[in-house]
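As a basis for the values below, the full set of heavy atoms in this structure was taken, side chains included, without hydrogen atoms, waters or symmetry mates. Note on naming: letters A, B, ... go to the chains in the order of the sequence lines (proteins, then strands), and numbering restarts at 1 for each one. In this text the structure is predicted, and so the values were computed from the model without any measurement.
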Amino acid sequence: MSADTPVKDDPAAATGGPRGRSIPPWLRRLADVNEVWTFGVLVLLVVFFTAARPSTFLTSYDVTQIATNAAIYLVLAVGMTYVIIVAGIDLSVGSVLVLSAVLSAEYTIHHGGAKAGWGTIAVSTVIALVTGLVWGAMQGWLVAKAKVPPLIVTLGGFGAALGIAEIITGGQDPTGAVSNHLQHAIGFGKLFGQIPWLVVIAFATTLVFGLVLAFTRFGRYTYAIGSNPEAARRVGINVDRHLVKVYALVGLLSGLGSVMWLAYFGTTSIAGHATDNLTVITAVVLGGASLFGGRGSVLGTLIGVFIPAVLSTGLIIMGVQQYWQDVAIGVVLVAAVYLDQFRRRGRERA
Amino acid sequence: MSADTPVKDDPAAATGGPRGRSIPPWLRRLADVNEVWTFGVLVLLVVFFTAARPSTFLTSYDVTQIATNAAIYLVLAVGMTYVIIVAGIDLSVGSVLVLSAVLSAEYTIHHGGAKAGWGTIAVSTVIALVTGLVWGAMQGWLVAKAKVPPLIVTLGGFGAALGIAEIITGGQDPTGAVSNHLQHAIGFGKLFGQIPWLVVIAFATTLVFGLVLAFTRFGRYTYAIGSNPEAARRVGINVDRHLVKVYALVGLLSGLGSVMWLAYFGTTSIAGHATDNLTVITAVVLGGASLFGGRGSVLGTLIGVFIPAVLSTGLIIMGVQQYWQDVAIGVVLVAAVYLDQFRRRGRERA
Amino acid sequence: MTDPLLEARKVTKRYGHVHALQGADFTAYPGEVVALIGDNGAGKSTLVKTLSGTIRPDEGEVLVDGKPVQLGSPLDARKYGIETVYQDLALAQDLDAAANLHLGRELYRGGLLGRLGVLDRAAMRRSAVAAFRELGVDLRDVGVPVAALSGGQKQSVAVARAVVFANRIIFMDEPTAALGVVQRGRVLDTIKRVRDRGIAVVLISHNMPEVLSVADRVEVLRLGSRVARLTAADTTVEELVGAMTGALDAAGKEGAA
Amino acid sequence: MTDPLLEARKVTKRYGHVHALQGADFTAYPGEVVALIGDNGAGKSTLVKTLSGTIRPDEGEVLVDGKPVQLGSPLDARKYGIETVYQDLALAQDLDAAANLHLGRELYRGGLLGRLGVLDRAAMRRSAVAAFRELGVDLRDVGVPVAALSGGQKQSVAVARAVVFANRIIFMDEPTAALGVVQRGRVLDTIKRVRDRGIAVVLISHNMPEVLSVADRVEVLRLGSRVARLTAADTTVEELVGAMTGALDAAGKEGAA
Amino acid sequence: ACGGGSSGSGSKSLEMITGVKSDPFYITMACAAQQEAKKRGVKLTVNGSAQWDVAVQRPIIDSVAAKHPSGLLISPVDTAALTPSLNQMQNAGTKIVLVDTTVSDASIGVSRISSDNVAGGRAAAKALAKLMGDKGSAIVISVKPGVSTTDERTKGFDEEMKANHPNITLLPVLYDNDLPATAASQIQSTLAAHPDLGGVFAGNTNTAQGISTGLQAAGKQGKVKVAAFDAEPDEVTSLKTGTLDVLVAQDPARIGTEGVDQALAAIDKKKVTASIGTDMVAITKANLDSASVGKYLYKDAC
Ligand SMILES: Nc1ncnc2c1ncn2[C@@H]1O[C@H](COP(=O)(O)OP(=O)(O)OP(=O)(O)O)[C@@H](O)[C@H]1O
Ligand SMILES: Nc1ncnc2c1ncn2[C@@H]1O[C@H](COP(=O)(O)OP(=O)(O)OP(=O)(O)O)[C@@H](O)[C@H]1O
Ligand SMILES: [Mg+2]
Ligand SMILES: [Mg+2]
C-alpha cells in the first residue's frame, strides 16, 4: 500500500462557514440559543390559554397582574441564578426575606407605624437590605471558608433566620409593620399609571443583574467558578471572596424582596414563605441552569419564573379543579424541559 | 554541573508503609473513614443531652422511641442515598409515600376496612410497594431516557402524585384505611417484646441496601455513574437502565415507607408529607454524600438521620423554647458538617 | 492481505457548524498495528468515538467483518470485540484503580454470594496490581480514588483496562501521552504483543518516531477525512508530517486549503 | 552563574500515607530552560503545584530571589511573577477559549463601562485568535466551550494562557503531551523565545529528545526527592533514564530502592 | 415573646403542644395558658409542630413524655394517629387536656376544650352572604387539603351556603399551601374568570393576607367581600381599614386559660369538666367596637 491522493477536501468546512441546508443559518443559530426553546414553551402556554379563554386570558389586565404576582419571586430568582451558576444552592431565601421584613417592621413600628413618613420608610428599607446582605454574606462565608456544603449552610440558615424572626415577634405578624405611604406608593402604585412599581423594580433588578452576569467580570467569574472552582483559583481569582459576594447578593435581593413584600402585602407573613426556595430554584432550573454549576442565565430565569405563573393562572381561569392543577403543572414542567432537551441533544458534549 | 548522588532515599515511603508519628496508624486510618467524624458528632450530642438531663434523656425508653420515630425517614433516606450518589435528587418521596398509602388504603377500605384480615393486608402492602416502584421507575425513565433534570422530574412527580392522591380521596384522609391487625402487629408490636417492628424493618432495610451499595455490582455501578456517567457508559454499563432501577428503588422504599406509615399512624396523612424530601435529603448530605454524586454511604445516612432526631428530642427535653430550637438545630447542622470538613481537608484532592 | 476487520465509510459528524468528520474512511486489518495520525482537531478522537459506539455519526457506514453494523452504544461495540482507550481516559474519579480497571467487568465471589452480585474485591485488586506491574507502574497506594493519581498513573489505568480485555480490535487514543519513558516502552511492547495475538491495534499518537517504530500501516486524517494511507516501513517522519499538514498535496495539487 | 530566581528546599508533601514529596529541592535560574524530569508518580506535578501556590507543602522552604516567601495561594505566586501550565490544564469547561485565555486577567471596555467591570469581549477574542495562531492551532469555532475542543486544542489554550502572561518564571507541566507535530514545534520555539527574554522556564516532559533539544539544564526527581542535576549539553538520553529510574545509582551504590 | 418560663415552682409541671407553632390562633392560646400558669404558680413549657403533620408532632409528644410532666395540654393534629403515644403518657400518670382539636378515642384526656370549626364556617357563610346581598359567586381559599381544622371550616361554610343561600354560586375550593403570594394570584385569576365574584372565605390568616392584597391590587377592594378566620391584630387592622369584611373569631385565650385550670384541677384531684365548648363570633366593622366582641380579639404577643 502506498500514499493515496486526498480523498476529499472541503475548504468551507475548515473555515467554519455555514453550509446550505434547508434551515436558514440564522434560524439554526437562534435555535442554538439556550433560552429560545424555553421561551417557545412559554409562548405556547400563552397561546393555548388565550385560545381556550379568549375573553379573559391575557387582556392587558391580566398581564400586569401576573407580572406583579411574579415580581417578588423574580427578584429572588435573579439572585438564585447566580448561586446556582456558581454550583451552590440557597434554601434560605424565604426565611431571610421574613427576617429582613421583621427587622424592618420593628423599626417602622417604633417610628410611626402605619402612619410613618418617608424618613422611616427609607431607614426601614435600608435595614431590610442590610439584614439580607449580612445574613447572605455570613452564609457565603460558611460555604467558602468553612467549606460546609451550601445545602446544609442554607438549610441551617433557613431554620435559624425563621427562628430569630419568630423570637423577635413572638411568632405573630406585628401590626403597623408597614407605612401606608409605602403601600400606596410602591405596593399598589403604578409608573405613569400603567406599570405597577413592583414590576418596574423587579424588571430593573433583572435587567441590571442580567447585564452584570452577561457582560462584566463579576459574571464571568461566576461562570468560571461554577465551571471549575479549582481552575478559577489557579488563575488567581479570589474564589472565596467571590462566593461570599454571590451569597451576599442573593441575601441582598431577599432583603429587597422583603421590602417589596411589605409594600404589597402590608404584613410580614412569617408563616408564608416555607416553600419560596423550591419555587425559586425551580424557576432557575426551568430557565436552563444546571445544578452542577457553570450554566444558566438571567433571561432563562425570567422565562422560568413566568412559566409556572402563567400556568397556574391559566388553569384557574380555565376552571380546572385544584387537584388536577397540581397534576397538570407537574406534567407541563417536565414536558417543558423535555422539549429543551432536544436542543441540547443537538449539540451534545461528549 | 554533573550528576549528584541521590539526596535521599526512603524505601518505607515507597512501599507505602505507615510511618511513626505520635498518632497510631490504626487511629489515623480510622479518622480517614468518612463516617467516623459524623458519628462523633452524634455521640457528642447524645453525651451532651445525657449529661444535661441524666434522668430523662437516653433511658431505654427514649432510644427505641427515637428509633421508631426515625424509622420511616430512615427507609426513605436509604433510597435517597442511592439517588444522590448517582448525582440525582428525588423531591417526590413524600408524595409517592402518600400516593402509595392512598392506593393501598382504598383497597383496604373496600376489603374489610379496619377489621380487614391478613389477606387484605398482604394485597394492600403489595399495592403500596408496586405503586412506589412503578412511579419511581417512571421518574427514572424520564431522567435517564428523556434526559430531563431530576430536580424537575421529581418536582413534577411530587405535585402530580399528590394531586392524584387528592383526586382519589377528595383531599381527606379516608377512614378505615388500615387494618387493626396491621397496626397492632407491626405499628405497635415489638420483636421479642423489645424492639419495635418498625425499627426492625427499617434496620433490616438499611442493612440490606447498605450491603448492596458497598459490596455488589449494583452498588459499584451506582458510584461509577455518579462519578462519571459518560465513563460508565463507555465501559459498557447500561447507565439508563441503572438509573431507572435507582429511581425505582427509592420509589419502592417510599412504598415500603407508606406501609410503615399506615401501620404506625393508622391514617394516610395526605397533608403531612410536604417536607419529607428536605428532611431526607438533609440526612443523606449530613451523612457525607455529595450532591454532585459519586460519594456517600448508607452508614453515613443512618447517622445523618439520627443527628436531627436526637437533636430535636434533646432540645425539647431540655425545655428549650420552641423558636430557639429552630435556631439551635440550624447552628448544630452547620457545625456538624464543619467538623467533618476537617477530615476532608486532611486528604484534600487537588 | 486478509479482509478488513473493521471498516468505516464516509463517516460524517457535525457539531453545530463545526464539521469534525466529513466523509472519513478508515480500515483496520486483523493482526496489524495501524496508526491513525493527524493534526490537532483533525477528527481522530471523533472517529474513534464513532467506531466505539460512543457517539453516533450523522452519516456513513461502519462494517465489521465486511458486514454493516449499527454501533448504537459502547455495549454494541464491545459485542464486536472493540476495546478503547479514550483520550480523556473516561475514568470514574471517585473509584480506585482496581475498581476502574474492572468497571463493567467485575469479578464475583464464588457460590451464592457471587450470584447475588457480590464483588470479589480481593481478586480484582490482585489482578489490578498484576496488570499495573506489567505496565511498569508503581501506584504506591492502590486504594486511593483515581482522582488522586498522577497524570501518568491515570493513563496507565485506562490503558491497562483496555489491554487486559482486548479481544478483536483495540483503539488507543494517545495512550502514551502522559507516560514516563519506561512505561511508554512497556505499552509499546504490549501493543506488539497484542497485535501478535491477531488483534487489530489502532494507535493514535503525535509522536512520529513512536508511530514509525510500532505501526505496520499509517492512515492520515486531515480536516475530517482520510487523506493518505501509508506503509510504515516505506515512510519517513517528513512524509507523515507533510500528509498531516497538507504541505505535500499543496505542493502537488492546486487550491487545497 | 547568576543567583537562583526560585529555590525550593526540602519540600515535603504527604497525602495520607503516600509521600508525594519527601524533602525535594529545586532551583531555577533566570534566562534558562530547566527541565524537571522523573518517572510517573515521582512528584513533579506536586512540586509544581507547591511552587505555584496551589497546594501547601507540609514542610520545607521556598525562596524567590533568595528571600523566603509564603506561597499561600496562586495569587501570591502570581505576585512573584510565576505562571503555570498545569498538567490537568485547569480550564473552565463551560467557557470558551478566549474567556479561558483571559481568565483572571480580563480586558475591559474603555471609559465608564470599563470601570464598571464591563468586559471587552471583542478585544479578548482578537487577542486569543492571535495567540492561537502563533501556536499554530486552528480552533475552527472560537466561541464553543472548551469542553468541546479536541485534546490538543485544550492543551493549546492552557499553554497560550501561561505564555501570553509569562513574566519571571513559567512552569510548564507536560505542555506538549497532546500536541501535534507542528504545534509542539511552535511551543518549543516559544519556550526558547520566552527564555531569551530572561524568563526562567521550567519544562516537565517525558519526551527525552525534546528535553535535550530545548533544556539548558535538567533536574531529576525520584520518589519525591531530587536525585540528580545535569547540564543538558553533557548528557544523553540513557543517562537521564538511568537517573530517573534509579538504575544508575543502583549500579553505583548498594541498597538503593 | 411567648415561651418557656424559666424556673418552675413546686413539683407540678405543665406541658403544652400546639398544632402549628406559627399559627396566631395557637400563639394566642399558648400565651393565655402561660399567663394562667404563671398566675397559678406552675411552670408551663410550650412546643408546637412546624407543620400540621403527625410525623412531626409525634416525636414531640414522645420527647415531652420523657419529662413525665404532671399535665399536658395538646392540640392533636390527627384524630387517630396519636392515640398510642397519648395513651402511654396517660398511663404514666400525666393528666391530659385536649385543647382545640380532639382524638376519637374517648378514654384519652380528662377534659376536652374545643372550638367548633364547622360552626365557625357557618358563621362566616352567614355574615358573608349578608354582605354580598345573597347574590353572586363565592369561593373558599383554604390552606391545603387534609388539615382537619380548615377542612371543617370549609365544610361548615359549604353547608350553610348550600342550605340557606341558594342564590350564591359556590366555586370550587382552591388551596394556597399557606402562601399569601399564591392566594393573591389565585384570587386575581378567579376574578378574571368570574367577574361576578362577590365573596371570599379565607381559611386562615396567611390566606386572608394574600386575598386582601390581591383584591387591592386588582382594585376590587370593598366590591368583593372577604371573610377570614381568626382575629389576630393584623387582621383586626385590616378589618378597620376595610380590606377584610368579616372575621370569625374563636376564643383561643379562653381555651388556653381553661386548659390550664382543668389540668391543674385534675392534678389536684378536684372536679374537672369533661367537655367545654367555646364560642365563636363573626366580627364585622359594625360590631367591632362593642364590648362583647373585644375579648375575642387575639393578643399581639404575651
Ligand atoms: N462535542 C463537540 N462539540 C463541538 N465541537 C467538537 C466536539 N467534539 C469535537 N469537536 C471539534 O471537532 C474537531 C475534531 O475534534 P477531535 O477531538 O476529533 O480532534 P483530534 O483529531 O482528536 O485532535 P487532537 O489531536 O487534538 O486530540 C475539533 O475542531 C473539535 O473542536
Ligand atoms: N491529592 C492526592 N491525594 C493522594 N495522593 C496523591 C495526590 N496527588 C498526588 N498523589 C500521589 O503523589 C505521587 C506524586 O504525584 P505527582 O502527580 O506529583 O506525580 P508526577 O511526577 O507528576 O507524575 P506524572 O509524570 O505521572 O505526571 C503519586 O504517587 C500520586 O498518586
Ligand atoms: Mg484527540
Ligand atoms: Mg504530573
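Note: E166(A) CD to Q321(B) CD = 9.0 Å, rounded to the nearest 0.5 Å. Within the model, atoms OG1 of T282(A) and CG of L155(B) stand 4.0 Å from one another, a figure rounded to the nearest 0.5 Å.
Interface remark: I152(A) contributes backbone and side-chain atoms alike to the contact with chain B (heavy atom separation under 4.5 Å). Contact of A87(B) with chain A is made through backbone and side chain together, with heavy-atom distances under 4.5 Å. Proximity to chain B is absent for every atom of I329(A), based on heavy atoms less than 4.5 angstrom apart. Of the atoms belonging to L286(A), heavy atoms from both backbone and side chain fall under 4.5 Å from chain B. Neither the backbone nor the side chain of V331(B) comes within contact range of chain A; no heavy atom of the residue lies under 4.5 Å from a heavy atom of that chain. Contacts of A165(A) with chain B are absent, with no heavy-atom separation under 4.5 Å from either backbone or side chain. Looking at I164(B), both its backbone and its side chain come within 4.5 Å of chain A, counting heavy atoms on both sides. L162(B) does not touch chain A: none of its heavy atoms, backbone or side chain, sits under 4.5 Å away.
For the residue pair D326(A) and G159(B), the shortest heavy atom distance occurs at CB-O, 3.5 Å. Scanning both residues, Y323(A) and G171(B), for their nearest heavy atoms gives OH-CA, 3.4 Å. Closest of all the heavy-atom pairs between V334(A) and V148(B) is O-CG2, 4.0 Å.
Taking T275(A), L333(A), V327(A) one by one and counting their heavy-atom pairs under 4.5 Å with chain B, the maximum is reached by V327(A). For the options G163(B), A336(B), G293(B), S290(B), heavy-atom pairs under 4.5 Å to chain A are most numerous at G163(B). The candidate from P150(B), G170(B), A161(B) with the greatest count of non-hydrogen atom pairs under 4.5 Å with chain A is G170(B).
Within 6.0 Å of CZ in F48(B) there are 12 or fewer heavy atoms belonging to other residues, nucleotides or ligands. At most 12 heavy atoms of other shown residues, nucleotides or ligands fall within 6.0 angstrom of atom CZ in F39(B).
Side-chain contact between L278(A) and L278(B): absent, with no pair of heavy atoms (C-beta onward) separated by less than 4.5 Å.
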Apply the test side-chain contact (heavy atoms from CB on, under 4.5 Å) to residues L291(A) and L291(B): give CA-CA distance (whole Å), side-chain angles for both, the deciding distance (0.1 Å), then the verdict.
CA-CA 9 Å; L291(A) 288 182; L291(B) 288 183; over 6 Å; no

